[in-house]
Amino acid sequence: FWETVAVKNKNINWKVTGKCARCSMVDIDPTSGMRRGQTLRALADYRRCRGQIYFGIFLGLVKKDMNDVTESDNDLVWLEEGDEIIVE
């Protein structure tokens with residue numbers, strides 16, 4: 001399980017704060033309202049832990065180098081194709 005996630009060369013670091021359980025709504029057909037069960041069943045094969053099916057992780061911002069801001073001086077950072085992501 002990862003503890004931190006960072007974007008190399010963008011001075012962004014996140015701390016993993018927990019796992020994100022998957023909502024069962026992904027298995028409801030929006031047209032008929034009937035449960036299909038295929039998505040969660042597939043995820044359960046490799047993402048089940050303590051009775052929950054996990055889909056992702058929650059991240060909390062740890063540090064951002066404030067000298068590297070956008071032109072409008074806000075906190076937006078764009079992740080782009082090719083950015084190197086480092087996980088530890």
Side-chain angles (χ1 to χ4, degrees):
F1 190 71
W2 303 339
E3 292 183 19
T4 61
V5 178
V7 182
K8 188 174 182 177
N9 299 326
K10 292 204 177 176
N11 299 316
I12 297 290
N13 297 290
W14 293 280
K15 179 179 183 196
V16 176
T17 60
K19 294 180 182 179
C20 176
R22 187 64 209 183
C23 172
S24 63
M25 291 301 291
V26 297
D27 278 336
I28 305 295
D29 183 313
T31 305
S32 68
M34 301 297 294
R35 181 180 299 266
R36 294 175 291 187
Q38 300 160 341
T39 306
L40 288 179
R41 198 169 309 139
L43 288 172
D45 287 342
Y46 63 97
R47 293 188 181 239
R48 184 181 299 273
C49 180
R50 293 188 219 143
Q52 292 283 334
I53 300 169
Y54 292 103
F55 186 71
I57 56 175
F58 292 110
L59 300 172
L61 185 63
V62 173
K63 180 177 89 172
K64 178 176 186 283
D65 183 353
M66 293 308 288
N67 294 320
D68 184 27
V69 295
T70 61
E71 291 179 19
S72 61
D73 288 336
N74 60 27
D75 290 331
L76 291 176
V77 175
W78 293 96
L79 298 181
E80 302 171 79
E81 183 177 346
D83 282 348
E84 187 175 345
I85 307 297
I86 302 165
V87 295
E88 297 177 350

Atom of [X], atom of [Y] and distance for their closest heavy-atom approach:
X     : Y     : answer
Thr4  : Val16 : N-CG2, 4.2 Å
Val7  : Ile85 : CG2-CD1, 3.8 Å
Val62 : Trp14 : CG2-C, 3.8 Å

- Does Ile12 belong to the same Ile/Leu/Val/Met/Phe/Trp/Tyr cluster as Phe58, with side-chain heavy atoms less than 4.5 Å apart forming each link?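 As far as the 4.5 Å side-chain criterion goes, Phe58 and Ile12 are not connected within one cluster.
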
Taking only residues two or more places apart in sequence or in another chain, which ones pass salt bridge (charged side-chain N to carboxylate O under 4.0 Å, His left out) with Asp83?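 With sequence neighbours excluded, Asp83 shows a salt bridge (charged side-chain N to carboxylate O under 4.0 Å, His left out) to Lys10, given in chain and number order.
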
Taken in chain and number order and not counting sequence neighbours, the residues that satisfy salt bridge (charged side-chain N to carboxylate O under 4.0 Å, His left out) with Glu84 are Lys8

**Request:** Evaluate whether atom CZ of Arg36 has more than 12 neighbouring non-hydrogen atoms of other residues, nucleotides or ligands under 6.0 angstrom away.
**Result:**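 Atom CZ in Arg36 is crowded, with more than 12 foreign heavy atoms closer than 6.0 Å.
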
What residues, two or more places apart in sequence or in another chain, satisfy side-chain contact (heavy atoms from CB on, under 4.5 Å) together with [X]?
X     : value
Lys19 : Phe1, Cys49, Tyr54
Glu3  : none
Thr39 : Val26, Asp27, Leu43

Q.
I'd like to check Ile57 versus Leu59 (side-chain heavy atoms, cut-off strictly below 4.5 Å). Are they in contact?
A.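 Touching, per the 4.5 Å side-chain cut-off.
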
Other cluster members, Met34 - Ile/Leu/Val/Met/Phe/Trp/Tyr, side-chain contacts below 4.5 Å: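 Besides Met34, the cluster holds no residue at all.
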
